[in-house]
Protein chains: 2
Amino acid sequence: MGQMTTLKDISAELGLSVATVSRALNGFPEVNARTRDRVTDAAKRLGYRPNRVAQRLVTGRSGMVGMIVKLKADMTADQTFFDVITGLTAALAARDVDLVLAVDQHADPTVAYERMLERNVVDGFILNAPVPDDARVAFLQERAIPFVVHGQTATEVDYPFYGIDNRAVSADAVGFLTALGHRRVALLNGDVRWSYAADRLSGFRDAMAEAGCPVPDAFISTERPSESYGYTAALAMLSGRAGPRPTAMICGSTLIAAGVLQAARDLSLSVPADLSVVAHDDALPQLRAIAFDPALTVTRSPLRDACKPLADALIDHIGGAPAKGLQTLVRAELIVRNSTAPVPDTGVSRWPST
Amino acid sequence: MGQMTTLKDISAELGLSVATVSRALNGFPEVNARTRDRVTDAAKRLGYRPNRVAQRLVTGRSGMVGMIVKLKADMTADQTFFDVITGLTAALAARDVDLVLAVDQHADPTVAYERMLERNVVDGFILNAPVPDDARVAFLQERAIPFVVHGQTATEVDYPFYGIDNRAVSADAVGFLTALGHRRVALLNGDVRWSYAADRLSGFRDAMAEAGCPVPDAFISTERPSESYGYTAALAMLSGRAGPRPTAMICGSTLIAAGVLQAARDLSLSVPADLSVVAHDDALPQLRAIAFDPALTVTRSPLRDACKPLADALIDHIGGAPAKGLQTLVRAELIVRNSTAPVPDTGVSRWPST
DNA sequence: AGAGCATATCAAAACGTTTTGAAATCTTGA
DNA sequence: TCAAGATTTCAAAACGTTTTGATATGCTCT
């Protein structure tokens, strides 16, 4: 089958040396303008495509980065996963890098990385869903493998990351709600084993404390985000068996909020008149916060926004750029819609107790 | 940072030539047993890992295969996607091959393949979700790039594939239902743009014709599988506005079946007394047919089963094995549970018309 | 005309492997 | 003991690039 045309072919065709052809194609300044034209012309004419493998052999880079996703029994990742992969591969492709994907089914999170490194085919990794004191971070740092973390809050680290300020997410939501007079605010958080949820929780506690609002234990729940979790948790909190009910809820995701709204509906509670709801919105196409009824007030930071910065940070870091300049912590945007309102007059919700 | 140890390092250490070391490690027969031991020993001791890039440069193979998933606005792929990726990467890894993933957002399905080929980093492709006369197939065949198709019905082709016999899926379901006396059977199919659904449809029509059962147009619907599709389609069919109602339904997926069961419940119809339901079951962990109420009668062929044969077929094909021996068409298993029963006595459903 | 310098090109080394063809060593049989 | 053969090892080429160090060519200034 059709042999690839190589630098040698071009050099033979033009009576030049391979070195000059290489330089001409790579835009080195010392090659004569006319020669460069002849070379680029011949390259196009002969359909030259550089052999990446050869390039990589000499540059020592593979031009691929790895990503290893954890297979969870529940597969919650899926919703966000596809979206992230899409943006990521696009951003990587723009810089001529490919993504090698593996799924980890192992208990020890590092073995999958070890395996991929062993096959020594990737220049670096994209780490997602970090946990506090992530074992993978230690593993990769020890081996001096470049990586970038998606979703990171601690800023005092020496590797690149892109994340949202999750403490601020909670603080902003709390600040907004307390300004509306709410004092009994509940948090329907994600699973605190993940850093993002842990940070939201601590941000929530601190902000509530600062606002002088006590937070009963019953007002905080943490679980993997799902609609049914939102539904049952909200139902439990709103039943008011364990003291006064919350007048506002902060949801870890729009999915949870969907369950909360359903629960409110089933209890004949009006949102926002009886209950204010704020959710964090990753801007997934399937769950458009603006399409909720009522339209959700959210702290918003599109997941897709992370992809390009992540890809670029990793590639730059592999290229030798120091981590310090490749750390981004964005502040989520508070978007006020119709699911929030001032606290009901009495301060105690007005519906009959169940 | 720590230089990789190379063949040269080992050869220097042992006073052997690089060639011998290479041979020893690759199990060539002509190397002395003692020398081989010394080499493997030194390799382990020095932590030798072959440089894949160099290997590839000389062998011309990359040891990676590509998969390009189509980004659909609705993202229905997700459910099955994660499962497939998991099995696939595991099966590939077992043969020391990695998976390069890209997401295609382009209208022309071939451009993403073109792009990946251009970067010339994969030895072959796994094609999923084939359509009749798939443009990607023509594209890859023209360039003599190895590939394997996941989900294939036409058997008269000269490339490897692994698929289930979708015409038989329908035929088996129809055969089972007609044996129970059903004659008014409806098909809630997937989107017939995909081969699998097109085949299910033709298999359904043929089997029904053979059984001597007419099929009114209203008994056939095709749409992207979802619970709500199952719900609304079933509701429409069971309302009976356009003639007598079906006594049995064949669903393209368990997801659709979930909607059908809900519709039956809302109409106070008993499954299976009033309506028999058969679904095709891909055995996704999230939607366990046995956990339905009533437990679903299904044609079952676990999606995961396809992964290892697919990976192996592709790798063998890349290795030069002819396509003919790498084509598998499995017959789905009919599993009878509680969602099917003999047709009601009258032959006309006994519930009051709406 | 020759030194000095910038410009443009080249040949060769390097990357780390596999593979080829030849050479060295050992074994066997007469 | 020697030729023939088998066994084991080796040096070198090859894969297609990038990069290094050297060389050729032209120009400017004295």
Side-chain angles (χ1 to χ4, degrees), chain A residues 1-40 42-43 46-64 96 117-121 123 319-320, chain B residues 1-40 42-43 46-64 96 117-121 123 319-320:
Chain A
M1 55 196 77
Q3 293 304 330
M4 282 274 126
T5 76
T6 74
L7 282 188
K8 195 159 28 168
D9 296 333
I10 300 184
S11 73
E13 170 94 2
L14 264 43
L16 289 170
S17 78
V18 192
T20 310
V21 175
S22 171
R23 289 189 144 87
L25 290 174
N26 290 326
F28 279 56
E30 68 263 32
V31 14
N32 187 322
R34 259 247 311 286
T35 331
R36 165 163 299 140
D37 287 348
R38 289 174 58 215
V39 169
T40 50
L46 300 178
Y48 172 75
R49 301 216 177 292
N51 181 326
R52 303 286 172 189
V53 178
Q55 285 181 323
R56 280 156 202 178
L57 179 58
V58 57
T59 58
R61 303 249 172 74
S62 78
M64 336 201 82
D96 218 39
L117 283 176
E118 208 164 278
R119 253 182 256 116
N120 91 30
V121 81
D123 299 328
Chain B
M1 51 197 79
Q3 293 304 330
M4 281 275 127
T5 78
T6 75
L7 283 188
K8 194 154 37 165
D9 296 333
I10 301 184
S11 75
E13 171 94 359
L14 263 43
L16 288 170
S17 78
V18 192
T20 310
V21 175
S22 171
R23 289 187 145 88
L25 291 174
N26 290 325
F28 279 58
E30 68 263 32
V31 13
N32 187 324
R34 258 245 314 284
T35 330
R36 166 162 301 142
D37 287 348
R38 288 174 58 215
V39 169
T40 50
L46 300 178
Y48 171 74
R49 304 218 176 289
N51 181 326
R52 300 284 169 188
V53 179
Q55 284 182 325
R56 278 155 205 178
L57 179 58
V58 55
T59 59
R61 300 250 174 74
S62 78
M64 338 202 81
D96 218 39
L117 282 175
E118 209 164 275
R119 253 182 256 117
N120 85 31
V121 81
D123 299 328

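What you are looking at is a predicted structure, and each value in this text was computed from that prediction instead of being measured. Lettering follows sequence order; numbering is per chain, from 1. Note: hydrogens, waters and symmetry copies are ignored here, and every other heavy atom, side chains too, is used.
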| field | Any pair counted as salt bridge (charged side-chain N to carboxylate O under 4.0 Å, His left out), so long as it reaches residues 27-40 of chain B, sequence neighbours left out | value | B:Arg23-B:Glu30
Please list, for nucleotides 24-26 of chain C, all pairs of protein and nucleotide N/O atoms separated by less than 3.5 Å.
none

| field | Rounded distance in Å - CG (A:Leu57) to P (C:dA13) | value | 17 Å
| request: Determine: side-chain N/O of B:Asn26 to OP1/OP2 of C:dT18, distance under 4.0 Å, yes or no. | output: yes
| task | Please tell me which of A:Glu30 and B:Leu7 maps to the more 5' nucleotide of DNA chain C, matching each residue to the nucleotide holding its nearest heavy atom. | result | A:Glu30
| said: Of the options C:dG16, D:dC15, C:dT9, whose atoms approach the side-chain atoms of A:Val31 most closely? | reply: C:dT9
| query | Which pairs, with at least one residue in residues 53-62 of chain A and sequence neighbours excluded, count as a salt bridge (charged side-chain N to carboxylate O under 4.0 Å, His left out)? | reply | none
| query | For the helix from C:dA1-D:dT30 to C:dA30-D:dT1, how many degrees between its two end axes (five pairs per end), to the nearest 10°? | reply | 60°
| With sequence neighbours excluded, what pairs up with A:Asp9 under the side chain to side chain donor-acceptor pair (under 3.5 Å) test? | none
| task | Name every residue in residues 15-24 of chain A that has at least one heavy atom under 4.0 Å from any atom of DNA chain C, in order of residue number, or write none if there are no such residues. | result | A:Gly15, A:Leu16, A:Ser17, A:Ala19, A:Thr20, A:Arg23
Can you give me every donor-acceptor pair (side chain of residues 46-54 of chain A, partner residue at least two apart or in another chain, under 3.5 Å) with its distance?
from, atom 1, to, atom 2, distance (Å)
A:Asn51, OD1, A:Val53, N, 2.8
A:Asn51, OD1, A:Ala54, N, 3.1
A:Arg52, NH1, A:Gln55, OE1, 3.4
A:Arg52, NH1, A:Asp96, OD2, 2.9
A:Arg52, NH2, A:Asp96, OD2, 3.2

| message | For DNA chain D, which residues of residues 47-55 of chain A approach it to below 4.0 angstrom with any heavy atom? | response | A:Tyr48, A:Arg49, A:Pro50, A:Asn51, A:Ala54, A:Gln55
| task | Could you state the atom-to-atom distance from CZ of A:Arg34 to P of C:dT9 in whole Å? | result | 9 Å
| query | What pairs with B:Ser17 under side chain to side chain donor-acceptor pair (under 3.5 Å), at least two apart in sequence or on another chain? | reply | B:Thr20
